[in-house]
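Beneath this line is the structure, given in structure tokens, with notes to follow.
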Amino acid sequence: MKILILDSGGRGDALGWCFKRDPRVKEVFCLPGNAGMEKNGIIVKPDVRAPGEIARFALEKKIDLAVGGSEGILSAGIVDIFGKHKIPIVGPSKVATILEASKGYTDILCSEVGVPVPEFEIFEDPVKAKAYIKSLAHEVVVKCDGLAEGKGAIVCDSQKEASEAVDRVLEMQRIGKWGGKSVVIQKRICGRELSFFCITDGYTLVPLPVAQDYKRAFDGDQGKNTGGMGSYSPHEWEGEKLTKIVTEKIAAPLLKGFRDKRNITYRGFIYFGLIFEDENIEKPVLLEINVRLGDPEAEVIMPRLKTPLLDISRALLENKLGDLKIEFLSDYFCDVVAASGEVKSAGKGKYPGYPGRYKIGFPIRGYFENDFRSLTFSAGITKDAEGKYMTSGGRVAHLVGWGATLENARKMVYAEMEKTSFEGMRFRKDIGNFLK
Ligand code: GLY
């Protein structure tokens with residue numbers, strides 16, 4: 001079989017690696033992918049990005065099954081386009097991607113159907129947004145309504161920060177870097193966050209492993225939000241009790257409301273970003289929906305699957321999710337991201353590093369030469385004219401250690417981190433550390 005993954009980062013590599021282990025799978029392609037994925041035997045075409053080109057590629061290569069990995073290509077309507085060409089693909093239709101593409105839309109739907117979300121208001125006018133912030137006695141999170149490459153949720157410690165965040169979001173939207181044209185101001189809630197995933201046909205929900213993501217840039221959850229600096233799975237709350245609570249209070253009413261009130265049936269992987277107020281498992285609040293698997297969560301979920309990803313995908317496409325029971329390993333997997341950190345710029349200044357401005361084009365040492373016991377998933381890697389691997393993104397590579405305990409998985413990944421380097425490489429030292 002020939003598989004096509006549509007993604008560019010570590011999640012795409014993890015999905016591809018998972019398919020590659022299946023003896024029924026002959027070739028795995030990832031578009032656009034990144035050059036580092038070759039390490040896991042995945043064929044990439046970094047220049048093939050537009051939906052039309054991707055569909056042509058899939059037809060030429062006679063792809064048997066595709067998986068939409070990233071929100072960008074899913075929101076561009078790749079599932080509808082593949083559908084027209086009768087190429088089997090896992091992912092939601094364009095109209096269903098609104099759950100991620102508009103935070104305001106999802107918050108309004110949730111309020112209508114009784115799914116708990118933080119208190120919120122939506123504004124296009126910065127003056128009204130700032131007046132609202134001033135009227136509040138609580139801290140807020142300012143969110144870009146549309147897609148923003150994982151950088152659109154700004155957690156604010158003060159009213160001043162929140163007002164600045166409003167200006168930043170509206171400016172990024174005005175210059176077309178972020179999607180939408182409004183800001184969502186949400187009450188900032190304190191509690192335990194986790195990432196809960198399912199595959200669904202819009203009716204049946206089949207849960208996947210639960211993961212903990214680390215969104216802040218620096219140790220001790222300091223610094224700005226990133227796309228994710230590391231993760232681990234299983235989460236200590238994973239199990240029947242959590243599944244029942246999340247399904248009954250969040251997932252099922254949301255998908256039913258999406259069908260009944262908006263006439264949209266969601267099919268594909270779905271990601272519920274949740275916070276539990278007062279660290280109470282009975283009190284989940286939905287922070288965000290993503291219409292895909294998480295990144296860096298996919299990197300610790302895929303290795304735990306005992307049920308082949310091919311069988312999971314086919315069950316969805318053949319409308320047999322009701323018969324599917326996904327089995328996964330109880331071993332722990334711990335992902336740490338090697339990111340582009342602070343480096344000097346040509347003048348007197350410096351690049352602060354991801355998620356701020358970062359410099360690319362540094363040679364990567366060790367990653368392609370060493371034998372790693374940990375798994376490796378490439379995120380921001382390119383090849384120069386001589387075929388040397390260089391950094392090309394904020395998140396460069398993921399290392400994933402494993403073991404019977406989280407501590408063993410951590411020990412493995414941090415020992416292995418020593419084997420790779422590039423100028424300015426930075427990584428969090430506290431992934432999987434409860435004592436942070
Ligand atoms: N790890 C957060 C995300 O994938 O959106």
Side-chain angles (χ1 to χ4, degrees), residues 5-15 18 34 67-75 91-92 97-103 106-107 141 143-155 178-180 184 186 192-199 208-218 221 223-235 250 268-275 285-304 333-339 354-355 377-380 393-400 427-428 430-432:
I5 312 291
L6 304 175
D7 209 331
S8 60
R11 170 186 44 217
D13 203 358
L15 285 162
C18 198
N34 73 80
V67 179
S70 69
E71 63 277 18
I73 194 65
L74 289 165
S75 302
T97 62
I98 187 113
L99 289 180
E100 178 166 357
S102 172
K103 317 293 175 236
T106 301
D107 280 349
V141 178
K143 287 187 170 175
C144 170
D145 184 54
L147 299 180
E149 297 168 344
K151 296 179 195 157
I154 306 169
V155 182
W178 290 357
V184 182
Q186 276 187 343
R192 187 81 207 261
E193 283 188 51
L194 60 78
S195 309
F196 189 93
F197 302 92
C198 293
I199 186 161
L208 288 152
V210 180
Q212 178 73 56
D213 181 21
Y214 288 73
K215 290 202 170 64
R216 299 295 192 104
F218 297 108
D221 287 336
K224 290 193 177 142
N225 262 357
T226 68
M229 293 297 290
S231 61
Y232 68 82
S233 183
H235 187 278
I250 311 261
F269 292 111
I270 188 161
Y271 168 158
F272 301 91
L274 303 169
I275 191 159
V285 176
L286 180 69
L287 292 181
E288 62 176 351
I289 291 280
N290 294 313
V291 296
R292 50 172 173 85
L293 291 172
D295 188 352
E297 292 97 328
E299 288 86 333
V300 291
I301 288 176
M302 289 300 117
R304 289 190 61 209
F333 289 79
C334 180
D335 171 297
V336 179
V337 174
Y354 178 77
F377 299 123
S378 302
R395 291 190 291 182
V396 174
H398 302 248
L399 263 57
V400 177
F427 59 91
R428 275 184 66 160
D430 62 348
I431 307 299

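First listed ligand is number 1; within each ligand, the first listed atom is number 1. Model, not experiment: these values are computed from the prediction. No hydrogens, no waters, no symmetry mates; every other heavy atom, side chains included, goes into these values.
- Of the protein's non-hydrogen atoms, the one nearest atom 5 (O) of ligand 1 is R292 NH2, 2.9 Å.
- At under 3.5 Å, not a single nitrogen or oxygen of R11, backbone or side chain, sits near a nitrogen or oxygen of ligand 1.
- Side-chain atoms of E288 and Y271, non-hydrogen and from C-beta on, do get closer than 4.5 Å to each other.
- The atoms of ligand 1 that sit less than 4.0 Å from any heavy atom of G294 are 4 (O).
- The distance from the OG atom of S102 to the CG atom of D145 is 3.5 Å, given to the nearest 0.5 Å.
- The closest approach between P296 and ligand 1 falls below 4.0 Å for a heavy atom of the residue.
- When only interatomic distances are considered, the shortest N/O to N/O separation between L293 and ligand 1 does not fall below 3.5 Å.
- R216 places no side-chain N or O within donor-acceptor distance of the main-chain N or O of K224, the cut-off being under 3.5 Å.
- A 6.0 Å sphere centred on CD of E149 holds no more than 12 heavy atoms belonging to other residues, nucleotides or ligands.
- Near N290, meaning under 4.0 Å from one of its heavy atoms, ligand 1 places the atoms 5 (O).
- Interface atoms of ligand 1 facing D213, defined by a heavy-atom separation under 4.0 Å, are 1 (N), 2 (C).
- Proximity of E288 to ligand 1 is not established, as no heavy-atom distance is less than 4.0 Å.
- Under a 4.0 Å criterion applied to the non-hydrogen atoms of G227, ligand 1 contributes the atoms 1 (N), 2 (C).
- Between K143 and L287 the shortest heavy-atom distance is NZ-O, 2.7 Å.
- Within the structure, ligand 1 lacks G228 among the residues with a heavy atom less than 4.0 angstrom away.
- Using bins of under 30°, 30° to 60° and over 60° for the plane-to-plane angle, the ring pair Y232/Y214 lands in the tilted bin.
- Residues S233 and E297 form no side-chain contact, since every pair of their non-hydrogen atoms from C-beta on lies 4.5 Å or further apart.
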